[in-house]
Amino acid sequence: MDIPKEIFLKDYKLPDYYFDTVDLKFSLGEEKTIVSSKITVFPRVEGSSPPLVLDGHDLKLISVKVNSEELKDKDFHVDSRHLTISSPPTGTFSLEIVTEIYPQKNTSLEGLYKSSGNFCTQCEAEGFRKITFYQDRPDIMAKYSCWVEGDKSLYPVLLSNGNLIEQGDLEGGKHFALWEDPFKKPCYLFALVAGQLESRDDIFVTRSGRKVSLRIWTPAQDLPKTAHAMFALKAAMKWDEDVFGLEYDLDLFNIVAVPDFDMGAMENKSLNIFNSKLVLASPETASDADYAAILGVIGHEYFHNWTGNRVTCRDWFQLSLKEGLTVFRDQEFSSDMGSRTVKRIADVSRLRNYQFPQDAGPMAHPVRPHSYIKMDNFYTVTVYEKGAEVVRMYKTLMGSQGFRKGMNLYFKRHDGQAVTCEDFFAAMRDANDADFANFLQWYSQAGTPLVKVTSSYNAEARTFSLKFSQEVPPTPGQPVKEPMFIPVALGLLDSAGKDMPLFSVYHDGILKSITSNNQPVYSTVLRVTKKEEEFVFPNIIEQPVPSILRGYSAPIRFESDLSESDLFFLLAHDSDEFNRWEAGQILARKLMLSLVADFQQKKPLALNPKFVHGLRSILCDSSLDKEFIAKAITLPGEGEIMDMMEVADPDAVHAVRSFMRKQIAAELKAEFLTTVENNRSSEEYVFNHPNMARRALKNVALAYLASLEDEEITKLELHEYRTATNMTEQFAALAAIAHNPGKMRDEVLADFYNKWQHDFLVVNKWFALQAMSDIPGNVENVRNLFNHPAFDLRNPNNVYSLIGGFCGSPVNFHAKDGSGYQFLGEMVVQLDKINPRVASRRVSAFSRWRRYDETRQTLAKAQLEMIMSTNGLSENVFEIASKSLA
Ligand code: 0A1
Ligand code: ZN
């Protein structure tokens, strides 16, 4: 294959031409679809007329007209990726293009395709070029109209962006709809849906009194499952008004649920398209986690209307401008709708388990990447989740009000524009008259900074000193790094566990006041900006225990000299609940690492009784939030521990974690049994924090008990499985039963499938549960499931559940005989022919192969090489596989 071309941020050039209006016409057919576009084009520089280059992929060109005249062959050139008009007229002109496309054959789920018989589109990032020839880049913003026509009985519903202007019948059993979007938009926000759908309708009255029609579209039988999504949408609309003063700007907001979708959802202007799993929920079929994900993603897509659509990205390198900011907004929304601490814990865990490994591997890239081969490969946890942490740091530095001022200025300056991360930074800085030092490094330097702190108390001088040092590790293409600007939120606990009052701090020998309205503060934010730096707090009357990096105020790895007893003290007393949880996690990580060393040296394993005691006191503390308890008694994941080892050893980590869980279950068996007993559902399913917290705690207790392999417990699990009235509890019971191999497991798994085989979303859960299993030799089982009639490699949710689930089980994926690697290698090659984006996301499981022992390295590398040598490999897979091998 030709070596694919890398695209660089530094090569960004303004377009030669802009588009003013775009009128599209789709004639939908069973064999082919005809797309006609009429575009008003004008040059950026008046009087200039360089060649106009349009992007296009997999298109059959029928005709091109300029100012209503059909172009002759010599006036344009088409190749597999472009249509070039060599000498366009000077000044504004009209361009009309007709293309033919074949959505029925489009398995890439990009451009126009069919899902369950319905037409739908996905244009971000560069899918519009699979619909028609266009300048497919986000800084081309135009006003669109869209005429859609098709068979009335096959496609009774015809949707596109904006307002419905006209609809009616046509000859031959066809009908049409004409849509017009009054807002300028880049083509990645274009959408079209046509099919047999029905809607749940509602109304939202904006704070200025405008009535907005809300419609959620699904096949008729799924309509009852859209109530929660509608609740989430209305809550999001209200929240954005309350928190950011942002109102919805059209009279109609549509959401469509489709079963075949690459990602979670897409924020097309006024026509959001969602993966069904993030819309459809009923208590019997969806778990609490699904309900929470729906709330967050409905919020996320809705919030994009301002952060992404009204203000968009100049180029795809700026993706985090919209995604980091919108993830931050959806995180805040979910926090306000539930428990802030629990949401923060979940978000930080996600960052640590997925983003940190990426930042430490061959695919490490800055929040704003410098280059890419396929943009699709950069919809990453770094751009999204680390990007959200970067936005959060502005808020940490300036407070809620300062952050809001920055947002207001951002919209005032940039509404209707395509802008950059610097523009966002400048709005935050200017609105607050702030000095953000070297903060912009967060956008350009990859790698997770490692910050170390040592503390010392001087009893005579009554001073408490914190010495920070920071190191940003080298990453591909960035061997040497500058220090970063790290906001460190902290408080000092006295011996009673209370926050000490803080008045001032010495920094660089200068005393700075840190009071607020002349009152002491109990928590402050230090600005750590150098490689080494000291802060000294005066008037500290006793030796404090510092609570550092409260709320996880920066996306860093952090090491302190806190002793085990300091950590137990913080676990018991810290007023910052996040750091209470964190203290427990640090203790657990240390313990797990030392047990891993014992295991590797074949020493007997023994669990520190103090640790079990700590867990018991949390489990039995009725003053604590139940979901907080559930999180606090959950051990760090195997990935997190492997990440801290010189050479990752999946077998040792798995053995240690299983040993610890079993030991804890044995010692706290009575407490766990009471927890299950006391937290059963006695009423109808309600989606609110207290109820979810109760179910979460019950399920964690049940999962611990499952590790005991004891008959009494099996009976309990079966009882829970049979009597559960909601999916959250039923599935947790199923998972507990499936923990141990045997007849019972097989029977109950079969029972569950029989019960739910009509519901593809539940069947995906069933696939995922089995795929993720730690049962030895599970790869065979997964291969059988691959041939299950309900499994379809063309459906991304199936792939995610079965193949993604399997790679999530370190013992099986990293099986020493290479069987897991071989399975993934085969899958990637097959998938790549169907959907390169889905395939390349799976290749990432290989990317950190150098972290393992030699045997595993050889086996994983062989699979990567096999993938690389495949004929017709996509650019998507090429990029990930080649970077992994580099
Ligand atoms: N902008 C969407 C993410 C998205 C990106 C690419 C897609 O192609 C299949 C789909 C969705 C978001 O952040 O929600
Ligand atoms: Zn997004």
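Counting starts at 1 for both ligands and their atoms, following the listed order.
In this structure, the protein non-hydrogen atom closest to atom 2 (C) of ligand 1 is E267 OE1, 3.2 Å. The closest protein non-hydrogen atom to atom 3 (C) of ligand 1 is Y384 OH, 3.2 Å. For atom 11 (C) of ligand 1, the closest heavy atom belonging to the protein is A265 O, 3.2 Å. For atom 14 (O) of ligand 1, the closest non-hydrogen atom of the protein is E301 OE2, 2.5 Å. Closest protein heavy atom to atom 7 (C) of ligand 1: Q122 NE2, 3.2 Å. Closest to atom 4 (C) of ligand 1, if we only count protein heavy atoms, is M263 CE, 3.6 Å.
Remark: R352 qualifies as a cation-pi partner of Y552 under the 6.0 Å distance and 45° angle criteria applied to the six-membered ring. Within the cation-pi definition used here (under 6.0 Å to the ring centroid, within 45° of the axis), K114 qualifies as a partner of F119. Judged by the 6.0 Å distance and 45° axis criteria, K395 is not positioned over the aromatic ring of F328. The cationic atom of K269 (NZ for Lys, CZ for Arg) does not lie both less than 6.0 Å from the six-membered ring centre of Y144 and within 45° of the ring axis.
Screening N268, D330, N309 for a side-chain contact (heavy atoms from CB on, under 4.5 Å) with H304, the sole residue that qualifies is N309.
Between F378 and Y372, the ring-plane angle classifies as tilted under the 30° and 60° cut-offs. Under the 30°/60° scheme for interplanar angles, the aromatic rings of F128 and F190 are found to stand perpendicular.
Around the Zn ion (ligand 2), the two atoms NE2 of H300 and NE2 of H304 are separated by an angle of 100°, to 10 degrees.
Contacts between A125 and ligand 1, counted as non-hydrogen atom pairs separated by less than 4.0 Å, are absent for every part of the residue. Residue-level proximity to ligand 1 for E124 is carried by backbone and side chain together, each with a heavy atom below 4.0 angstrom. By the criterion of a heavy-atom distance under 4.0 Å, the side chain of K322, and not its backbone, is placed next to ligand 1.
Checking E323 against H300 by side-chain atom types alone, a donor-acceptor pair falls below 3.5 Å. Under the 3.5 Å distance criterion, with hydrogens and angles disregarded, a donor-acceptor pair is assigned to the side chains of S108 and N106. Defined by atom type and a distance below 3.5 Å, a donor-acceptor pair is missing between the side-chain atoms of E180 and S145.
Of all atoms in ligand 1, numbered sequentially from 1 with element shown, those under 4.0 Å from a heavy atom of M266 are 1 (N), 2 (C), 11 (C). Under a 4.0 Å criterion applied to the non-hydrogen atoms of H304, ligand 1 contributes the atoms 12 (C), 13 (O). Residue contact check: R837 has heavy atoms under 4.0 Å from atoms 8 (O), 9 (C) of ligand 1. Every atom of ligand 1 with a heavy atom of D262 under 4.0 Å away is listed here by number and element: 9 (C). Every atom of ligand 1 is numbered from 1 in the order shown, and the set under 4.0 Å from a heavy atom of Y379 is 5 (C).
Put simply, the side chain of H228 gets close to the backbone of Y291: a donor and an acceptor are under 3.5 Å apart.
Looking only at its N/O/S atoms, E323 has OE1 as the one nearest to the Zn ion (ligand 2).
With 2.8 Å as the limit, E301 does not count as an N, O or S neighbour of the Zn ion (ligand 2).
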